[in-house]
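Quantities reported herein were computed from a predicted structural model and do not represent experimental measurements. FYI, side chains are in, hydrogens and waters are out, and symmetry mates aren't considered; it's all heavy atoms of this structure.
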Number of protein chains: 2
Amino acid sequence: MPASGHVPRLKDVAEAAGVSLSAASRILRGEVDRFGPETCDRVLAAAQKLGWRRNLLVSGMQTGRTKTVGVVIPPFDSFWVDVLSGVHSELATADYLPITIWVGDLHQMPHFEMDEAEGLKKISRLLDRRVDGLILWPSVGAAYYGHFRELVERNVPVAVIDHEYSEDRIADSIETDEEESARAVAQHLLTLGHRRIACLSSREVAGQSWAIRRRKFFERAVTSERGAQVKSWRLNEKGTNGLDVAAEILRDPLQPTAVFAVTDHEARLIYQAAERLRLRIPEDISVIGFADLDFAADLAPPLTTVRQRPVEIGRRAARLVLDRLDQADLADGPTTIRIPADLIVRNSTAPPRST
Amino acid sequence: MPASGHVPRLKDVAEAAGVSLSAASRILRGEVDRFGPETCDRVLAAAQKLGWRRNLLVSGMQTGRTKTVGVVIPPFDSFWVDVLSGVHSELATADYLPITIWVGDLHQMPHFEMDEAEGLKKISRLLDRRVDGLILWPSVGAAYYGHFRELVERNVPVAVIDHEYSEDRIADSIETDEEESARAVAQHLLTLGHRRIACLSSREVAGQSWAIRRRKFFERAVTSERGAQVKSWRLNEKGTNGLDVAAEILRDPLQPTAVFAVTDHEARLIYQAAERLRLRIPEDISVIGFADLDFAADLAPPLTTVRQRPVEIGRRAARLVLDRLDQADLADGPTTIRIPADLIVRNSTAPPRST
DNA sequence: GCGAGTTGTTCAAGTAGTTTACTTGGGCGA
DNA sequence: TCGCCCAAGTAAACTACTTGAACAACTCGC
């Protein structure tokens, strides 16, 4: 049994087995056929007994590969937990480890502000640890954009979730198929008979380009139907006026019969505003959300929403990074992968009252 | 601008500034007063221009400290997200980075089974990367228990959440004050007038010692009241029979007027069973949960529960590990920190119907 | 007794820096 | 003009290994 407080080194193993340092190294790396079986056993046994384990810091220095991927995500909802889960499982297949950092502040969800400088400092910590690649949620695109140059120079592959950078030929991206999903949402409402429809978007700041796309595709899909109108609202920059905007929508002269909220978080705001105004869902107003967050099915009534495939998104993001690391063929430029999503019809949508 | 694909080394900086390697190293580490100010500027400028950044792998090798702490948690609910958030923020103050691995499988929540061998392999990955400390959720105590010896030998401080190991003098632990919280739950129900009370525990497997403590403290608190009775149920080993057990409770000859579920997950089962049996909450049956998970307030009716302080738990766990690393005084044995929790009264509890 | 194969050895260089101990050059006082 | 000191800077050893090359025993068949 080794002395407490002493981390066993290869040297200790070699001495215990009575072989040279390099022999021990080779045997433990699996170069077994150069040595007698009895010697191999001795070395393996000694390593086992001393509790020696390979020092990946050394490998990292020598090969330039640390077998880690940095992941930068916001800290809050079940969508990101699922994404992370996908990332973990895919990276594990290649014996990679994600190192996750969280930007933004918990409990200001989902409309927290991110401190750009702080975010950059955190990414720096990842790069200082020589992560082989990065998976990013680019909350403040601009802030990270400046950093991307350095990443490209260092050949650190980057995959961005829900924010398209492929036009700039800078990073791969993975996102939900916004066009198709928005069309499905619109179709659902139109089929139910709704013609006066509201859309509650998020803050639509730089890092929320998905919200803009989602809203625009939705608007386009609704207005392509003759006689249907959309009117859109959005939260303020800090996302602090959610309830007010939700109430505003419900009292608008347009008298919308349905509201599409670009995420379930905004849908929840509509629920709250509806309760205050004593409007019933779906009798007085239909509500449809997006993301199928974990609370969606437990709302009263259960929320009709669009289920994204966060686990798959996470997996694909990880795969993208791993593939770039494997091939390192800069030849083919950045790609964008679009993942489909599924409409989940629950009880918050119904035909409008005939008035 | 450096050539693409070339990670700048200290050597490059030194050459660009026209100084020796060691001079560059010293200056970049802040040992400025040993050198002429003009030389310092030259080195700093060169480092900036080349985009050089310190390689923490090297520091890790040399000092034996990687400034990382491994975190092993289950992958699912908001409690653990909050714990993780606390861990992150506390570690950040010391410029440490958590490396989080998830054991267990998503979407079997909360009753997933953990593959012991897989869990050990994952911890191995952390140790191979030479994490300085560990924060553990010991799902399968036994599996990790064997590993603890190695950790002690390596002087890797360990903090365990919600599972007391301090009796074994092996690891620090942090947990919710189960005794006080269980008493508060019992008191709340007794004060409302309930006298026939059920308790739905979790699986109570080895890694869920918190569930056992929580239930026992609750039973004790209830029975200390004259005329009050408790009857307890638990889930099966795999946690697959939740709905059945919940229904069984509601149909029990005892005719309980209130149910304490040891977590909000189990409380949700009661809600589901109640709906099937057409029992109203709280009119027919009061329900009280534990944890105040993110869905608790959105249940219908909003769930009365006990709000743990997961962010604080995470913080304290991180602090414990950091303190051990700072002092390395093995002198004082493992401690257990108990964090208080707060009863949140919502609408799922009410006085029993007078029958 | 010679070459060949097996089983190891030592040596040296590499990874990206940090740190100890040293050298160099100039200015200053005696 | 010698000796001394200090500022400024450097060579080399060190972290824990990996890896290629050269080489040394020993055994075996021929």
Under 3.5 Å between N/O atoms: give me all the protein pairs with nucleotides 23-27 of chain C, atom names plus distance.
none

For this session: Write down the distance between CD (B:Gln62) and P (C:dT15), rounded to a whole number of angstrom.
Result: 15 Å
Exercise. What pairs with B:Asp128 under salt bridge (charged side-chain N to carboxylate O under 4.0 Å, His left out), at least two apart in sequence or on another chain?
Worked result: A:Arg53
For this session: Report yes if some heavy atom in the side chain of B:Leu320 is under 4.5 Å from a heavy atom in the side chain of B:Pro157; otherwise report no.
Result: no
Exercise. Can you list the residues that meet the side chain to side chain contact (heavy atoms under 4.5 Å, CB included) rule with B:Pro310, with sequence neighbours excluded?
Worked result: B:Phe79, B:Asp82, B:Val83, B:Gln308
Which pairs of donor and acceptor atoms, one on a side chain in residues 31-39 of chain A, lie under 3.5 Å apart (sequence neighbours left out)?
| from | atom 1 | to | atom 2 | distance (Å) |
| --- | --- | --- | --- | --- |
| A:Glu38 | OE1 | A:Arg42 | NH1 | 3.0 |

Exercise. What stems involve DNA chain D, if each pair must be Watson-Crick or G-U and both of its distances must be under 3.5 Å, with 3 or more such pairs in a row?
Worked result: C:1-30 with D:1-30
For this session: Mind checking side-chain hydrogen bond (donor to acceptor under 3.5 Å, both in side chains) for A:Glu312 and listing every partner two or more places apart, or none if nothing turns up?
Result: none
Problem set entry | Pairs involving residues 8-17 of chain B, ordered by first then second residue, that meet salt bridge (Lys or Arg N to Asp or Glu O under 4.0 Å) (sequence neighbours left out) | none
For this session: May I ask you to test the A:Val72-A:Ile135 pair for a side-chain heavy-atom distance under 4.5 Å?
Result: no
Seminar exercise, completed: B:Glu31 atom CD is separated from C:dA21 atom P, nearest whole Å, by 14 Å
Seminar exercise, completed: Separation of C:dT18 atom C1' from B:Met61 atom CE, nearest Å, is 11 Å
Exercise. Nearest-Å distance, CG (A:Leu56) to C1' (C:dT15)?
Worked result: 15 Å
For this session: Mind checking salt bridge (charged side-chain N to carboxylate O under 4.0 Å, His left out) for B:Arg130 and listing every partner two or more places apart, or none if nothing turns up?
Result: none
Exercise. For D:dC17, does OP1 or OP2 lie under 4.0 Å from any side-chain N or O of A:Ser25?
Worked result: no
Exercise. Could you run down nucleotides 5-11 of chain D 5' to 3' and tag each one B, S or - for protein heavy-atom contact under 4.0 Å?
Worked result: ---BBBB
Exercise. If only side-chain N and O atoms of A:Arg29 are considered, is one of them under 4.0 Å from the OP1 or OP2 phosphate oxygen of D:dT18?
Worked result: yes
For this session: Using a cut-off of strictly less than 4.0 Å, decide whether A:Arg9 has a side-chain nitrogen or oxygen near OP1 or OP2 of D:dT15.
Result: no
Anything under 3.5 Å between a donor and an acceptor, one on a side chain of residues 90-98 of chain B, the other on a protein residue two or more places apart or in another chain? List them.
| from | atom 1 | to | atom 2 | distance (Å) |
| --- | --- | --- | --- | --- |
| B:Glu90 | OE2 | B:Arg319 | NE | 2.8 |
| B:Glu90 | OE2 | B:Arg319 | NH2 | 3.3 |
| B:Thr93 | OG1 | B:Glu90 | O | 2.6 |
| B:Asp95 | OD1 | A:Arg125 | NH1 | 2.5 |
| B:Tyr96 | OH | B:Asp132 | OD2 | 3.4 |

Exercise. Going by distance alone, is a donor N or O of one side chain under 3.5 Å from an acceptor N or O of the other, for B:Arg315 and B:Ser89?
Worked result: yes
Problem set entry | Distance, rounded to the nearest Å, where B:Glu15 contributes CD and C:dA16 contributes C1' | 14 Å
Problem set entry | Phosphate OP1/OP2 of C:dG17 contacted by B:Trp52 side-chain N/O (<4.0 Å) | yes
Under 3.5 Å, which donor-acceptor pairs do the side chains of residues 16-29 of chain A form with other protein atoms, sequence neighbours left out?
| from | atom 1 | to | atom 2 | distance (Å) |
| --- | --- | --- | --- | --- |
| A:Ser20 | OG | A:Ala23 | N | 3.1 |

